[in-house]
**Q** 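A single structure is presented below for examination.
Labels below follow one simple rule: chain letters A, B, ... track the order of the sequence lines, proteins then strands, and each chain is numbered from 1.
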Number of protein chains: 2
Amino acid sequence: MEHRNHALCQLTASLRGQDEEKLRQVLELLFFAYRDFTGEADAVLADFGFGRAHHRAIYFIGRNPNISVSDLLGILKITKQSLSRVLTQLIDEGYVRQETDSTDRRRRLLLLSDKGVALERQLTARQCRRVIGAFENAGIDSVSGFRAILRAIIDPEDRHRVGRREAGPQVSETRRLVG
Amino acid sequence: MEHRNHALCQLTASLRGQDEEKLRQVLELLFFAYRDFTGEADAVLADFGFGRAHHRAIYFIGRNPNISVSDLLGILKITKQSLSRVLTQLIDEGYVRQETDSTDRRRRLLLLSDKGVALERQLTARQCRRVIGAFENAGIDSVSGFRAILRAIIDPEDRHRVGRREAGPQVSETRRLVG
DNA sequence: AAAATAAGGCAGTATTATTGACTTATATGC
DNA sequence: GCATATAAGTCAATAATACTGCCTTATTTT
């Protein structure tokens with residue numbers, strides 16, 4: 001065990017009791033949990049001929065109705081071309097609608113159709129079921145710590161993307177910066 | 001907000017106070033946290049001409065020295081062909097060594113070379129640094145809940161893969177079933 | 001000797017992603 | 001009004017990761 005600790009010992013020195021073994025277990029928990037968390041939705045998506053990229057697009061369009069393409073790119077952090085293929089499919093098959101922004105006619109605002117809402121809900125319900133099961137299994141007391149650490153793992157400049165909502169109408173990010 | 005709750009209300013009924021908004025925030029925390037957690041290692045891997053699949057193979061070989069190919073497949077849950085390409089590259093470039101199991105000469109036992117250990121450590125150190133930072137940021141009190149819920153998200157039949165180690169020599173899973 | 005297992009290979013395909021260059025439409029600043 | 005910037009979309013080429021199905025070889029087990 002000693003021979004493993006060279007590169008990591010400085011890191012772990014800052015946290016008493018957090019030895020390499022425990023840290024590695026956390027890396028593994030993240031790997032397996034995320035794999036199983038997404039795997040369930042992947043199975044549903046396959047029935048529709050879609051993949052995980054479609055899911056992400058559907059999810060964030062549903063979550064941010066009237067989002068613009070560039071704002072969606074900002075959330076997903078993929079290239080325009082990657083999103084384009086996915087979005088074209090979703091629009092062609094009637095899951096997503098596009099409308100021109102009346103105040104800036106360059107922008108295309110994205111919305112889920114009824115069909116899209118139904119699919120989004122099906123996917124989200126599955127994932128929520130797993131999360132709720134985990135909350136019940138581990139105990140509700142664990143939830144706040146779970147959320148706090150997940151949030152802290154996220155790059156600081158993206159933490160605002162999850163949070164204190166309950167808010168009013170969705171406004172474009174770029175708009176928000178301007179006024 | 002009301003129109004969104006049909007599919008999920010039965011689910012949430014089982015947890016008082018866990019409304020759809022909070023559940024969705026958890027889904028999003030998982031998405032962003034995992035993206036940033038893996039993104040850092042991805043950047044290092046790109047310098048070596050490798051991808052995330054190489055990382056997973058290196059990680060679990062490092063973690064389970066002398067693991068057999070089929071046991072590694074059991075952990076990664078990918079097809080033999082998918083692993084094969086990655087493994088061939090890693091062996092050709094000298095990050096992974098293969099040795100024939102002396103007790104069952106059909107099996108190839110996988111080991112990291114010194115080069116492989118160095119790369120594994122570099123990748124793991126980055127991810128640990130992020131996790132430690134999150135622990136410090138969110139507070140150590142949050143850690144046990146974080147771990148408990150991640151574990152509970154994992155499919156029950158795979159939870160044994162992360163855990164109470166500190167154990168003795170690695171033994172093949174299939175062997176373990178037999179003896 | 002027959003059957004099962006472990007590993008590996010081959011061919012073909014799909015999905016998700018990348019980069020770079022380019023067009024069109026629209027908006028904004030001077 | 002003209003120049004510039006922005007939003008969106010598109011084309012072509014490429015790469016990584018994954019899949020299915022089928023087959024071979026070596027070795028072990030029954």
**Q** Send over the distance from A/R106 CZ to C/dT26 C1', rounded to a whole Å.
**A** 5 Å
**Q** How does protein reach along nucleotides 10-20 of chain D, written 5' to 3' as B (base within reach of a heavy atom under 4.0 Å), S (only sugar-phosphate), or - (no contact)?
**A** BB----SBBBB
**Q** Between A/S102 and A/L83, which residue's closest nucleotide on DNA chain C lies nearer the 5′ terminus?
**A** A/L83
**Q** Can you list everything that forms a salt bridge (charged side-chain N to carboxylate O under 4.0 Å, His left out) with A/K115? Sequence neighbours excluded, please.
**A**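 If we apply the salt bridge (charged side-chain N to carboxylate O under 4.0 Å, His left out) test to A/K115, skipping adjacent residues, there are no hits.
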**Q** If we ignore hydrogens and angles and just use 3.5 Å, is the side chain of A/T124 paired with the main-chain N or O of A/E120 as donor and acceptor?
**A**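 Side chain of A/T124 to backbone of A/E120, a donor-acceptor pair under 3.5 Å: yes, one is there.
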**Q** Is there a donor-acceptor pair closer than 3.5 Å between any side-chain N or O of A/S68 and the backbone N or O of A/R107?
**A** no
**Q** Check this for me: A/D114, atom CG, are more than 12 non-hydrogen atoms of other residues, nucleotides or ligands nearer than 6.0 Å?
**A**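 No, the 6.0 Å shell around CG holds no more than 12 heavy atoms from other groups.
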**Q** What is the distance, rounded to the nearest whole Å, between atom CD of A/Q98 and atom P of D/dA7?
**A**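 Result: 16 Å.
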**Q** For the residue pair B/E28 / A/Y59, report whether a side-chain donor-acceptor contact shorter than 3.5 Å exists.
**A**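 Yes, side-chain donor-acceptor contact under 3.5 Å.
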**Q** Please give, in whole Å, the distance from D/dA8 C1' to A/L72 CG?
**A** 13 Å
**Q** Can you measure B/D92 atom CG to C/dG8 atom P for me and round it to whole angstrom units?
**A** 12 Å
**Q** Is there, by distance only and without an angle test, a donor paired with an acceptor across the side chain of A/R105 and the base of C/dT26 below 3.5 Å?
**A** no
**Q** Rounded to the nearest angstrom, tell me the gap between atom CG in B/L90 and atom P in C/dA7.
**A** 16 Å
**Q** Taking atom C1' of D/dA7 as reference, at what distance in whole Å does atom CG of A/D71 sit?
**A** 11 Å
**Q** Output the rounded distance in Å from CZ (A/R107) to P (D/dG9).
**A** 12 Å
**Q** Whole-Å distance between C/dT15 C1' and A/L87 CG?
**A**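 Between C1' of C/dT15 and CG of A/L87: 16 Å.
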**Q** Is any side-chain N of the basic residue among A/D155 and B/R35 closer than 4.0 Å to the acidic one's carboxylate O?
**A** no
